[in-house]
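To keep things clear, I will list the structure first and then write my remarks on it.
Chain identifiers are assigned alphabetically (A, B, ...) following the order of the sequence lines, protein sequences preceding nucleic acid strands; residue numbering begins at 1 within each chain.
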There are 2 protein chains.
Amino acid sequence: MNNKCEKCIVKKFTGLQALTSDQLKCISDGKITRTFKKGDVIFDEGDHLKGIYCVRFGIAKLSKLSTNGKDQIIKFVSNGEVLGQRSVIAQEPANLRAVAVNDMDSCFIPKKLILDNLQNNTSFTLELLQNLAHELKEADDVIVNISQKPVKNRIAETLLHLENSFGVDSEGFMIIQLSREDISNIVGTATESCIRMLSELKKEKLIETSGKRIKIINRNILQKLGEGINN
Amino acid sequence: MNNKCEKCIVKKFTGLQALTSDQLKCISDGKITRTFKKGDVIFDEGDHLKGIYCVRFGIAKLSKLSTNGKDQIIKFVSNGEVLGQRSVIAQEPANLRAVAVNDMDSCFIPKKLILDNLQNNTSFTLELLQNLAHELKEADDVIVNISQKPVKNRIAETLLHLENSFGVDSEGFMIIQLSREDISNIVGTATESCIRMLSELKKEKLIETSGKRIKIINRNILQKLGEGINN
DNA sequence: ATAGATTAATGATGTTTGTCATATATAAAT
DNA sequence: ATTTATATATGACAAACATCATTAATCTAT
């Protein structure tokens with residue numbers, strides 16, 4: 001569905017730098033791959049990352065533990081997108097925890113290679129810059145939404161966003177399957193509140209559910225809700 | 001107080017690129033300066049920026065209008081820091097609005113010069129990359145705080161952060177003076193709620209106020225509040 | 001210095017959201 | 001297949017927060 005491998009940063013810089021280093025060649029041949037099972041911690045807050053992960057297949061969630069014990073989900077990363085680049089670029093410990101939402105295949109790119117390329121490969125660096133610029137915009141938008149919209153509206157928006165990012169199966173159910181707790185940790189609310197709102201959306205015939213599976217029925221009204229329009 | 005001009009990105013790249021272009025020289029001589037008065041809009045959401053602003057003196061706030069009519073403040077920018085780089089780098093319209101909190105002097109750097117340097121000046125590009133990486137971390141932290149901590153705790157944290165960023169005068173009052181509405185737009189709450197919480201903090205002898213001026217008295221307890229510890 | 005406008009403060013009240021308790025459904029393990 | 005654990009659902013209630021109304025204080029302009 002969402003096969004963005006042509007956007008994968010690995011391809012970008014293998015193509016651009018014409019394989020000057022052995023390491024680079026090694027990676028482009030796909031030799032350093034890492035697989036994770038659903039629930040595996042890819043890296044944790046405070047970890048010193050030895051490289052970045054390019055997701056070949058699967059979905060990871062990035063989250064951060066709050067002092068109140070809740071684990072706020074910041075964003076999801078999937079096919080062709082990259083995990084851990086901020087920490088490696090800034091040469092700082094990871095600010096977020098990365099956990100596999102599904103079974104996951106990734107390509108591991110050692111830190112050294114990244115840092116070498118930062119020095120020598122302008123196209124690569126510019127690509128990263130665009131990446132961070134985009135992430136920053138998204139983060140700012142999340143700040144506005146989360147602080148100013150009520151829970152129900154945030155859930156509506158989250159559902160649309162998840163459907164849009166990861167697609168639906170043949171029956172129209174969203175591919176990504178999250179626990180109610182995960183959803184509540186995206187919108188920043190109590191799990192019970194999240195469940196209640198989903199029930200409401202169900203009663204209002206905007207969504208359907210079947211276990212963890214969620215199907216969006218009335219995209220229009222959900223959209224309006226997401227934009228903060230309540231009736 | 002907070003004279004970070006040695007960190008100013010202008011100095012960074014004038015120093016590093018040894019003034020190869022006339023434009024560059026012109027800027028480093030401080031010829032293209034722009035001043036703003038308190039309340040002036042430097043740029044607005046959706047504007048196509050023709051360059052970035054390096055703040056020489058003063059403070060600007062970056063905010064974004066929510067669908068509920070509230071103007072969420074995302075961050076402040078002051079001496080030696082840069083405004084508008086994300087939009088120029090990404091070559092996108094501004095995602096945020098920038099308004100002068102004080103009278104403000106800035107150095108305007110035309111877009112063309114930035115983009116040229118992105119192609120040719122690795123050190124400059126790396127500097128920007130570090131910048132964005134840092135901003136992204138800060139934005140992620142804000143997401144966690146704003147979604148998981150109660151208003152009072154967020155206000156405590158905000159006050160400490162503002163004092164820390166902009167310093168205090170000889171009497172110990174914070175240099176930056178914001179309206180109650182501005183503070184409420186940082187923490188994402190109603191103005192009245194914000195005022196009530198400030199009154200509470202005053203009763204608890206954690207802060208003192210005199211008009212818009214705020215002085216922090218008990219830094220320790222405020223710090224604990226900011227960390228989410230409520231007694 | 002005074003009038004008018006804006007901002008701050010506080011009370012009363014209603015809404016939203018969180019917490020705790022408990023029931024039901026679903027998944028996992030033996 | 002049956003038990004055990006875990007996730008989902010819902011009710012009852014409490015806490016946090018928003019909204020509206022009103023008064024007090026501060027700022028601005030003449």
In whole angstroms, how far is the [atom2] atom of [N] from the [atom1] atom of [X]?
{"X": "B/Leu178", "N": "D/dT26", "atom1": "CG", "atom2": "P", "result": "18 Å"}
{"X": "B/Ile195", "N": "C/dA12", "atom1": "CD1", "atom2": "C1'", "result": "16 Å"}
{"X": "A/Glu208", "N": "D/dT8", "atom1": "CD", "atom2": "P", "result": "18 Å"}
{"X": "B/Glu200", "N": "C/dA8", "atom1": "CD", "atom2": "P", "result": "18 Å"}
{"X": "B/Lys38", "N": "C/dT6", "atom1": "NZ", "atom2": "P", "result": "15 Å"}
{"X": "B/Asn185", "N": "D/dC17", "atom1": "CG", "atom2": "P", "result": "16 Å"}

Q: Could you tell me which residues satisfy side chain to side chain donor-acceptor pair (under 3.5 Å) with B/Glu200, sequence neighbours excluded, listed by chain and number?
A: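 With neighbours one apart ignored, the set is B/Lys152.
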(Q) Tell me every residue that passes side chain to side chain donor-acceptor pair (under 3.5 Å) with B/Asn145, counting only those two or more places apart in sequence or in another chain. (A)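 Listed in chain order: B/Lys149, B/Glu157.
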(Q) Is it the case that atom NZ in B/Lys224 sees more than 12 heavy atoms from other parts of the structure closer than 6.0 Å? (A)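 At most 12 heavy atoms, drawn from other residues, nucleotides or ligands, come within 6.0 Å of this atom.
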Side-chain ion pair, [X] and [Y], N-O less than 4.0 Å:
{"X": "A/Lys137", "Y": "B/Glu92", "answer": "no"}
{"X": "A/Lys64", "Y": "B/Asp140", "answer": "no"}
{"X": "B/Glu135", "Y": "B/Arg86", "answer": "no"}

(Q) Could you work out how much the helix from C/dA1-D/dT30 to C/dT30-D/dA1 bends, comparing the axis of its first five pairs with that of its last five, to 10°? (A)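 About 50° separates the two local helix axes.
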Q: Kindly determine whether A/Asn79 and A/Phe57 satisfy side chain to side chain contact (heavy atoms under 4.5 Å, CB included), including the steps that lead there.
A: CA-CA 5 Å; A/Asn79 304 11; A/Phe57 179 77; 4.3 Å; yes
Q) Is there a donor-acceptor pair closer than 3.5 Å between any side-chain N or O of B/Glu45 and the backbone N or O of B/Leu65? A)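 Side chain of B/Glu45 to backbone of B/Leu65: a pair is present.
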Q) Where along nucleotides 15-26 of chain C does protein come under 4.0 Å, by heavy atom, of base (B) or sugar-phosphate alone (S), with - for untouched nucleotides? A) --SBBB------
Q.
Pair A/Ile207, A/Ile217 - check side chain to side chain contact (heavy atoms under 4.5 Å, CB included), show working.
A. CA-CA 5 Å; A/Ile207 63 171; A/Ile217 297 175; 5.6 Å; no
(Q) Suppose we screen for side chain to side chain contact (heavy atoms under 4.5 Å, CB included). Which residues come up paired with A/Ser210, at least two apart in sequence or across chains? (A)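 Listed in chain order: A/Phe173, A/Arg213.
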What are the atom names and distances for every N/O pair under 3.5 Å that joins the protein to nucleotides 5-7 of chain D?
unit_1	atom_1	unit_2	atom_2	d
D/dA7	O3'	A/Lys212	NZ	3.3

**Q.** Min side-chain heavy-atom separation A/Leu225-A/Leu201 under 4.5 Å
**A.**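 A/Leu225 vs A/Leu201: side chains touch.
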